[in-house]
Amino acid sequence: MLLCLTDGGIALFCVNPTSWQIIVFIYIYIYIYIYIYMGNVHSDKAGQFFNSGHTNNWAVLVCTSRFWFNYRHVANTLSVYRSVKRLGIPDSRIVLMLADDMACNHRNPKPATVFSHKNMELNVYGDDVEVDYRGYEVTVENFLRVLTGRLPASTPRSKRLLSDDRSNILIYLTGHGGNGFLKFQDSEEISNVELADAFEQMWQKRRYNELLFIIDTCQGASMYERFYSPNLMALASSQVGEDSLSHQPDLAIGVHLMDRYTFYLLEFLEDIHPSSTTNMNQLFKVCPKSQCVSTPGHRTDLFLRDPGRVLITDFFGSVRKVEITMETINLSSPMEPLPERINCTVHILYMCINKHIIPTAIIMYYVPRQKLLRDVFPCT
Amino acid sequence: MGLLSDPNRRRALIGMLTRLNAPICMICYMAGVAWFMGLAFEPFTLRTYMSENAMGSTMVEERFPAGERALATGREFAAHKKKTGGMPVDWLVRTMQARGLEVYTQRFSRKLPFPDEDKERYMVKGTNVYGILRAPRAPRTEALVLSAPCSPGNENNQAVGILLGLAQYFRSQIYWAKDIIFLVNEHDLIGMQAWLEGYHHTNTTGMDWSPLQGRGGSIQAALSLELSSDVVTSLDLVLEGLNGQLPNLDLANLFYAFCQKIGVLCTTQGKLPRNDWDTTSGYSHAVQTMMLMVLKQASSRPWGDHGLFLRYHIEAASIKGVNSFRPYKTDATTVGRLLEGMYRKLNNLLERLHQSYFFYLMPSLTRFVSIGYYMPAFGLLALILLLRALDLWVQLSSPPTRTTEDACPPLCPLSAPQPASPGVLSILTPLVISHLTGVALYTLPVLSQELAVEHFPVSETEAVVLTAIAIYTAGLALPHNTHRLLAGEGTEQGWKVLKLVAVLYLAVLLGCTALINFSLVFPERGLLVGVNDPGLTLLFAVFFFQELQETPVTLQEGWMLYLSVISQGILDHALYGSLLYPLAALLVYPCWLLFWNILFWK
């Protein structure tokens, strides 16, 4: 009987063994097979390493209303901030904009605290809040400049959104809004068209990989109606014509502490930990009409992945993916001149710029990421 | 062509106007009166609601614990008040300092133009004591005021006690964003006027006061507390202030909201609330409440210590505790909690109260009528005057002998000589004489009181009042006298011209008064009929007022009350700048004299 060790169907060597040797060979064979299988699994995982497409996470959390009776908007924003920080996004990657200071407001009976649950159960202000834009700095202009990156050179890093094309960004807005607009600071508004254009600018400048937009205001769904850029997912706390309601009236402080949608969102997020595999479909179910009184809405048509395969931590957390591999992978030199067959439908900016100067207008094609990788590293 | 520029149509219109003048005026008058009476009918009124977003609902936790201790402090205050025979300044200063307030005093003095017999004072000297609770973390830009008067005898001791108790409780809280000023004023309104003038650095009434050493920011709201019993059965809200000004309706709404939350019976004008608006008695109850408010506003005097704040655009109200024979009593702790709740909500304000109405009438504490609803009643009455004026104008400018319509009106002195048209002089004479009489009525009573006292066995106050009545009655005799002076003035045209001028004058006067103090319009409209003179209207109003308050008076008492009302009116004008007396003497009285002249023209 001839026993051949094969590798991918190619016979390497063949022997005529005894029964002893047969058993040994079988064991070795099984072991090598498992090893290769694992290697395949590794490369699958390595493939999956770049599956979601993002390498870093950013969060832009904005509270747009001031005055003591809008305490709940600040509490909303701070509770999302708290969750996002707990799940791993560091302060250097969070742009927190609060239009008013509730913790140090003269009317706050518990100074230096902002509570999100009545009876003062949870202080979302904490010890280590870093507010990047505060008070009157929270304006429509500053918000749009942060999103599009058009800030004056003197702006410090903490006030910039330094995202790149591999960043997943979470944008959370709360305040008073209406059909097609969101009120900033009682004196100006941002419209849904402006917001959609800002996101398009971000897309054209490749400032995000995927973007999750959450808004908790009255008639919030009107704010995402006009989006047209790819890879945007949006959630809102109420439909057009509905009001988002407040929650948690607290008698000692004398104001409402949270809005309903964000309250239940916070409860949902408290159950998420950095390695949880909860996906977006569960996020869409947060706060049904029975709890929220308004009907939350969402929009996923511009998003290219299936929401069921998108993890919550893709946006809310900053999961550093680490894979241990035993093999060495030879990466070819990145400075190799490109073969001529790759014309300018390649859209990694730095590769082309090394060879030519290509105006941005040409880089408008969208190609799925997986194919992109194999184009760049043809050796793997 | 347009309606008014087409001569044919114009003639037809004018013809209709002259023919139907009397019926239209009658209809307008009835409609005006019916509209006004209908304001109290509940389906025509609106429910009160909080307009200010910052004040929101009554979502606070009131925790004031120390009602009994406050009452004990009140008793201490009473004892010291009796000992010093006036305001116990030193004790108050010490007590307020012990509670952690910044305490200051202000001395003031005032010599009244003549002795005030109601309150028995003439040379008034007093001291105000006030303590400022500084907001722990806020800048000193805004303030709230809580005041209680220091009244002689056994009155308002509990009010001062609760004020001091609240001061102690408020001092231990950290959530105040505005300074709170606790004021105890002596000689009620005079002391309050001195304090307000000192606070705002104005001196409008010629009072003598020492400058204030300590000050908070600009005052956003003020409450004045009057409480003379340990327990109360209801709390009465008094809104009417000087010159008929009212605070923003949100203050009344806030008070009512807390009354409902805490479960205290709250009233306005001392009338208990009723639910049976569809019955006659329920409707008449609402009408009575509204008429009381109208009369109080018309009197142009402040009906509580809060009344003087309104001039400085500070929303203020007085809360009076009433202890009557009802089984359910509210103790001092609950009253303290109500005030605490109100102040916590006022603390949340970011701007002055401005979202709700400033001009309104309240048939009850839960219902109100805004200016947009009650002005048409006045509009209809003003329409009558304008129709009458138009009618007279038409008659004057197109007498039977003339053929053209654009003849020169009779008031132009250079017209062609017409034997029937009077000159300017004939109109001027009654006008000037009426106004001179008015000026005499305004100045003489106070000036001539010494003269009167020398010659007649009366006191100064009586002298003033009786001089006023004398001048008034003398004015009635004028037409007979002036006719002897100006010969040949009994012409047909003459009185028409005078009437035209008088009617227009009245229309303008009513219009201006309606803007300042709407309630004054309605007594004045008696002039429309031409026979109701101001003096009788006032007498009638006094009796009516007492009826409405369910304390009817006999003729004798009514007459004494009438005299005191006149003297109070003169005093209010001298002390606080109330406008009723000058308005009546300088404008309404001459206007009425003009009509009186017309009546006796022949």
Side-chain angles (χ1 to χ4, degrees), chain A residues 64-75 99-121 123 125 135-136 174-178 183-187 217-218 243-260 263, chain B residues 50-65 133-144 169-180 216-217 220-221 250 254 257-258 260-262 337-355:
Chain A
T64 59
S65 40
R66 49 175 38 240
F67 305 137
W68 174 245
F69 54 87
N70 289 324
Y71 183 104
R72 58 188 186 278
H73 296 139
V74 172
D100 202 359
D101 181 9
M102 296 305 166
C104 299
N105 193 310
H106 314 308
R107 296 166 182 83
N108 194 345
K110 298 264 183 254
T113 59
V114 173
F115 291 105
S116 65
H117 284 61
K118 63 181 171 190
N119 302 324
M120 299 185 240
E121 286 168 16
N123 173 17
Y125 202 63
Y136 287 109
T174 182
H176 287 289
K183 182 173 81 155
F184 267 69
Q185 299 258 19
D186 229 22
S187 60
T217 65
C218 301
D243 287 338
S244 285
L245 299 177
S246 54
H247 200 35
Q248 302 291 304
D250 184 292
L251 289 173
I253 301 182
V255 285
H256 286 280
L257 297 183
M258 282 281 266
D259 276 327
R260 280 180 186 255
F263 180 76
Chain B
M50 286 292 276
S51 301
E52 175 66 60
N53 199 8
M55 287 212 291
S57 58
T58 53
M59 188 168 51
V60 280
E61 206 180 353
E62 303 93 1
R63 284 201 229 115
F64 178 63
L133 189 158
R134 297 287 182 194
R137 295 174 279 151
R140 299 171 177 187
T141 49
E142 292 169 349
L144 298 168
Y169 176 70
F170 284 178
R171 183 71 179 87
S172 59
Q173 308 302 320
I174 58 167
Y175 45 68
W176 297 112
K178 304 183 203 289
D179 294 345
I180 305 189
Q220 306 286 296
D250 264 339
L254 184 69
F258 272 100
Q260 276 207 304
K261 180 185 181 198
I262 294 189
R337 287 207 177 150
L338 190 134
L339 288 169
E340 180 199 348
M342 285 184 79
Y343 271 87
R344 268 205 82 175
K345 279 291 150 184
L346 288 171
N347 182 40
N348 282 355
L349 280 179
L350 297 151
E351 318 164 281
R352 288 178 193 272
L353 286 168
H354 67 282
Q355 300 277 11

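Below, chains carry the letters A, B, ... as their sequence lines are ordered, and counting in each starts from 1. Fair warning: this is a prediction, and the values are worked out from it, not measured in the lab.
Within 6.0 Å of the NZ atom in B:Lys261, the count of heavy atoms belonging to other residues, nucleotides or ligands exceeds 12.
Across every non-hydrogen atom of B:Met59 and A:Pro249, the tightest pair is SD-CB, 3.2 Å. Of all non-hydrogen atoms in A:Gly254 and B:Lys345, the two that sit nearest each other are O-NZ, 3.9 Å. Here the closest non-hydrogen pair linking B:Ile174 and A:Pro109 is CD1-O, 3.2 Å.
The shortest distance between side-chain heavy atoms of A:Phe69 and B:Asn348 does not fall below 4.5 Å.
For A:Arg107 (side chain) and B:Leu349 (main-chain N/O), a donor-acceptor pair under 3.5 Å exists by modelled atom type. Listed for the B:Arg137 side chain is a donor-acceptor partner under 3.5 Å among the backbone atoms of A:Asn108.
Contact annotation for A:Asn70: neither backbone nor side-chain heavy atoms come within less than 4.5 Å of a heavy atom of chain B. In this structure, chain A has heavy atoms under 4.5 Å from both the backbone and the side chain of B:Ala138.
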